[in-house]
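Before any comments, here is the structure.
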Amino acid sequence: MGKSLLDVYHELYSLYGPQGWWPLLNHKGINPTKTGSMRGYHPKDYDFPKNEREKFEICIGAILAQNTNWVNVEKALDNMQKENAIDPKKMQKMDEKELGLLIRPAGYFNQKAKKLKLFSKFFIELEHRVPKRGELLHTWGIGPETADSILLYAYKEPIFVVDAYTKRIFSKMGFFEKGAKYEQIREMFEKNLPKDYKLYQEFHALIVEHAKNAVENYP
DNA sequence: TTCCAGGCAATAC
DNA sequence: GTATTGCATGGA
C-alpha cells in the first residue's frame, strides 16, 4: 500500500514546518526557516487576511506572482505601497502606464498592469461578496491557479491550488498520469483530503518550498 | 551567458 | 482539443 496524500503532507510538514502563507507586507512575523525572503510570513496563524486591505493585497500578489519569483513580486508591492496603490479605487484612477512603472520588477508589467486594473474593477463590484470560481476565471488575466490562490488565501475557501510543482512531484509519485488536467488533479486532492482551508493553505505552501529545495530521493 | 521563477492568453496545428 | 509562442524582470 502506497502513501496517501495526507502521509505526504505530514512528511513535508516534518521536513519544513509551518510555512505561514500568504505573506503580507505589513505583517512583522517572520519564518526563520525560509530560504528566500523572510518578510510577512505568519506560521501557524491562519487568521488572515485581517481586513479588506490585506484581502486585496493577496489578490494582486497572486496576479503579480504569475511565472515570477516572489522576491520580485515584493519589490512591486513595495513600490505600490509607497504610492498607496494597494487599493482598488486608487488603482482605478491610475493609468496602465503609471501602474506598469510601479510593478516593473515583477516582469510582464504591461500585461500585469492591465490585469490589475481589470481585477480592481472586479473587486470593487464584488462589494465584499465572495467571488465564484467561474467569475474569477472569466476575468481576463485570471487562470485556474490564480483563481484558486485567491479563493484559498484571500477568501479561505477550501480549494486546492495546483501548480507546475504539484503536477511534477505528484505525477512522479504515481498519484496521477503526467498528462492529467488541472481540474482532474484539483478534484483528486480535494476528494482525498479533509475539506480544510488551513490544510490546503499549508500543503500548497509546503509543495512550493519543497520544490525549491529539489531533494533527490523525494521528487 | 543561460536559465528559471508561486501562469495566462493568443495563435497555430 | 492539444501544442507552441509572447510576455519581462532580476538573481543564481
Side-chain angles (χ1 to χ4, degrees), chain A residues 9 12 16 18-25 27 31 33-43 48-49 57-80 96-97 99-119 122 133-155 157 159-171 177-186 189 197 200-215 219:
Chain A
Y9 170 77
L12 291 175
Y16 305 109
Q19 296 299 300
W21 276 34
W22 186 278
L24 289 155
L25 284 186
H27 182 65
N31 181 349
T33 69
K34 304 265 351 137
T35 50
S37 168
M38 313 212 296
R39 288 175 51 197
Y41 296 90
H42 42 84
F48 286 90
E57 182 186 323
I58 294 171
C59 294
I60 62 175
I63 292 171
L64 290 171
Q66 289 171 2
N67 204 37
T68 301
N69 190 318
W70 183 257
V71 174
N72 287 356
V73 175
E74 272 187 342
K75 291 174 183 171
L77 288 171
D78 279 336
N79 290 342
M80 291 178 78
E96 285 175 20
K97 208 91 180 264
L99 189 53
L101 208 57
L102 297 179
I103 65 170
R104 232 181 111 82
Y108 308 132
F109 56 87
N110 288 317
Q111 286 192 351
K112 285 176 180 174
K114 191 187 294 283
K115 292 178 182 181
L116 290 185
K117 286 215 65 175
L118 287 169
F119 182 81
F122 173 82
R133 189 166 188 268
E135 294 179 304
L136 286 165
L137 291 174
H138 283 103
T139 303
W140 189 88
I142 310 287
E145 185 181 339
T146 307
D148 293 342
S149 295
I150 288 172
L151 289 169
L152 178 60
Y153 290 102
Y155 290 93
E157 294 284 302
I159 308 282
F160 200 90
V161 178
V162 177
D163 63 358
Y165 300 139
T166 312
K167 290 178 185 166
R168 191 188 76 205
I169 294 168
F170 289 86
S171 67
E177 322 297 310
K178 218 163 26 185
K181 313 281 293 183
Y182 186 99
E183 291 302 316
Q184 301 177 305
I185 298 171
R186 183 173 66 81
F189 275 89
Y197 83 89
Y200 291 7
Q201 289 187 349
E202 200 66 83
F203 206 166
H204 174 65
L206 284 166
I207 289 167
V208 174
E209 180 61 25
H210 178 66
K212 285 178 182 165
N213 289 318
V215 177

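To find a chain, count down the sequence lines: A is the first, B the second, and so on, and within it residues start at 1.
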From dA5(B), dT9(C), dT2(C), nucleotide with atom closest to K181(A) side chain: dT2(C)
Per atom distances to the Q66(A) side chain, the nearest of dA5(B), dG7(B), dT9(C) is dG7(B)
Whole-Å gap separating P (dG10(C)) and CH2 (W70(A)): 17 Å
Interatomic distance, W140(A) CH2 vs dG7(B) P [rounded to whole Å]: 16 Å
In whole Å, measure the gap between the C1' atoms of dA3(C) and dA5(B) for me. 22 Å
Integer angstrom distance from the P of dA8(C) to that of dT11(B): 15 Å
To the nearest Å, how far apart are F109(A) CZ and dG6(C) P? 17 Å
Output the rounded distance in Å from CG (N72(A)) to P (dC7(C)). 19 Å
Can you confirm whether the side chains of K115(A) and T146(A) place a donor and an acceptor under 3.5 Å from each other? no
Nearest-Å distance for atom pair OH/P, residues Y108(A) and dC4(B): 12 Å
Within the 4.0 Å heavy-atom criterion, would you say A65(A) contacts the bases, only the backbone, or no part of the nucleic acid? sugar-phosphate
Nucleotide dC7(C), atom P - distance to CG of L116(A) in whole Å: 19 Å
Contact class for E145(A) vs. all strands (heavy atom < 4.0 Å): base, sugar-phosphate, or nothing? sugar-phosphate
Rounded to the nearest 0.5 Å, what separation is found between the CG atom of L116(A) and the CG atom of L64(A)? 5.0 Å
Give a yes or no on whether the ring-centroid distance for Y200(A) and F203(A) is below 6.0 angstrom. no
Distance, rounded to the nearest Å, where I60(A) contributes CD1 and dG7(B) contributes P: 17 Å
Find which nucleotide of DNA chain C each of K75(A) and N67(A) is nearest to by heavy atoms, and output the residue with the more 5' nucleotide. N67(A)
What is the separation between atom CD1 on I103(A) and atom P on dT9(C), rounded to the nearest whole Å? 11 Å
Quick one: label K114(A) by what it contacts on the DNA or RNA (base, sugar-phosphate, nothing), any heavy atom closer than 4.0 Å. nothing
Within the 4.0 Å heavy-atom criterion, would you say I207(A) contacts the bases, only the backbone, or no part of the nucleic acid? nothing
Phosphate OP1/OP2 of dC8(B) contacted by T146(A) side-chain N/O (<4.0 Å): yes
Are the side chain of H138(A) and the backbone N or O of G134(A) linked by a donor-acceptor pair below 3.5 Å? yes
Work out which heavy atom in W140(A) is nearest to a heavy atom in Q111(A); give both atom names and the distance. CZ3-O, 4.0 Å
